[in-house]
Amino acid sequence: MAEPDIYNLHREVLHSIERYGRTHKLEIMMRYKLRKKDWLTDFTVGLKMLAKRKLDLLPSRISDIGKIKRLFKVKANGIIPWKSKS
Amino acid sequence: MTKLSYYPGCSLASTARENNESLIYLFEHLGVELIELEDWNCCGSSSAHSVNTNIAFDLASRNLSLAPPGRPLLVACPSCLLRLRHAYLKLNTDPSAREHYERTWGRAFDKDLEIIHFFEILDRLDLLSFAKDQTQRLNGLRFVSYYGCMLARPPALRHEKNYHGLMEKIMSSLGATPVKWAYSSRCCGTFLTVARPDIVTPMVNEIIEGAGQVDADCIVTACAMCHMNLEVRCSLKEKVPVLHFSEVLSLALGLGGSKQKRWLSRHLVDPKPLLKAMHLLR
């Protein structure tokens with residue numbers, strides 16, 4: 001894969017949407033960093049953003065999350081590679 | 001008071017909350033009540049439409065299905081605006097998409113729904129008439145407008161309105177001096193900022209240097225994503241404050257006080273020294 005980091009970022013963003021209906025940026029960054037095993041890049045920026053409350057600790061969820069989850073269930077198999085059955 | 005439905009989107013609801021709060025506050029002062037779309041979800045930008053166009057369409061179209069009839073839907077984030085308009089266009093022109101929409105959301109598609117960017121409201125108003133004492137408070141402020149590329153339209157939306165020049169027009173009417181520069185539509189790097197900061201940092205540095213070269217006091221932008229990248233990715237010693245358009249308009253109209261300070265304290269590049277020197281902030 002030419003750009004695995006970009007792919008992995010998209011993967012985490014979509015995971016967040018599937019779970020909450022909206023993007024939870026702190027969790028996206030943490031999961032992305034965990035997958036990449038790189039905690040140092042942007043560590044200072046991340047702390048600054050937390051200090052400025054630009055990253056929320058808790059996600060904002062939509063109430064009708066079942067509808068969003070269903071979208072991913074119906075659409076994702078075979079279209080989003082990591083959801084593929086094969 | 002005019003009532004509009006309002007779609008904030010994920011960035012304005014989190015990283016750019018100061019943009020959201022200043023916009024709602026400004027519009028209230030202009031006699032427009034923004035009513036947040038109940039239970040809105042992510043519009044699908046940029047990851048969904050990069051990876052799976054079907055999910056991107058469904059995410060955007062659910063938001064359209066939530067909009068009450070008879071009330072235009074106002075959007076502040078240029079990227080969300082494109083996603084929502086793109087879904088609307090598909091629904092308006094493709095009967096099978098409409099059928100899918102009605103089956104999925106259990107509601108009829110409202111082809112009369114107007115999806116508008118907040119510029120369109122500002123363009124219709126004489127903002128100076130809303131300023132306290134009709135004072136041109138931005139006198140002496142040299143600024144560059146940064147539209148980024150998110151207000152540029154993809155081919156399917158090529159007939160939509162182009163907003164370039166609007167920030168200059170409105171800011172000038174409030175006393176500020178627009179400065180010409182080469183970077184008003186230069187891409188900020190958008191979502192690449194996370195995965196490829198090695199690409200985005202030099203792009204952002206070039207933009208900030210460009211503002212410095214024309215002696216601009218600040219950069220004014222209408223895109224929350226661009227704002228974040230210009231602040232976060234600038235590695236230069238000499239930084240330039242970046243203000244949301246909604247913030248600077250609130251300052252120009254003499255609104256806010258303690259609220260303005262709260263918005264401005266969320267910036268990573270502190271704009272307060274400049275604004276105090278310009279007597280826009282106490």
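Proteins get letters first, then strands, A, B, ... in listed order; numbering begins at 1 in each. Because the structure is a prediction, the values reported are computed rather than measured.
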Donor-acceptor side-chain pairing of A/K67 and B/T104 below 3.5 angstrom:
no
At what distance, to the nearest 0.5 angstrom, does [atom1] of [X] lie from [atom2] of [Y]?
| X | Y | atom1 | atom2 | value |
| --- | --- | --- | --- | --- |
| B/L59 | A/F72 | CG | CZ | 5.5 Å |
| B/S47 | A/R11 | OG | CZ | 12.5 Å |
| A/L14 | B/I55 | CG | CD1 | 6.5 Å |
| A/D42 | B/T193 | CG | OG1 | 7.0 Å |

Walk me through it: do B/V194 and A/E12 pass the test side chain to side chain contact (heavy atoms under 4.5 Å, CB included)?
CA-CA 12 Å; B/V194 176; A/E12 296 310 339; over 6 Å; no
Tell me whether the count of non-hydrogen atoms from other residues, nucleotides or ligands lying under 6.0 Å of [atom1] in [X] goes above 12.
| X | atom1 | answer |
| --- | --- | --- |
| A/M30 | CE | no |
| B/R282 | CZ | no |
| B/E102 | CD | yes |

Counting only non-hydrogen atoms closer than 4.5 Å, does [X] touch chain B with its backbone (N, CA, C, O), its side chain (CB onward), both, or neither?
| X | value |
| --- | --- |
| A/Y20 | neither |
| A/S60 | neither |
| A/K48 | both |
| A/I65 | neither |

Looking at every heavy atom in both [X] and [Y], which two are closest together, and how far apart are they?
| X | Y | result |
| --- | --- | --- |
| B/W40 | A/I62 | O-CG2, 3.1 Å |
| B/A13 | A/D56 | O-OD2, 4.1 Å |
| A/K25 | B/S11 | NZ-OG, 3.1 Å |
| A/H10 | B/S50 | NE2-CB, 3.6 Å |

Below 4.5 Å, heavy-atom pairs only: which of [options] has the largest tally toward chain B?
| options | result |
| --- | --- |
| A/K52, A/H24, A/E3, A/R22 | A/R22 |
| A/S16, A/P4, A/G21 | A/G21 |
| A/L55, A/I28, A/I68, A/N8 | A/I68 |

Do the side chain of [X] and the main chain of [Y] share a donor and acceptor less than 3.5 angstrom apart?
| X | Y | value |
| --- | --- | --- |
| B/R196 | A/D5 | no |
| A/R53 | B/R266 | no |
| B/D39 | A/D64 | yes |

I'd like to check A/I6 versus B/F191 (side-chain heavy atoms, cut-off strictly below 4.5 Å). Are they in contact?
yes
For the pair B/E18 and A/K54, find out whether any cationic side-chain nitrogen is under 4.0 Å from an anionic carboxylate oxygen.
yes
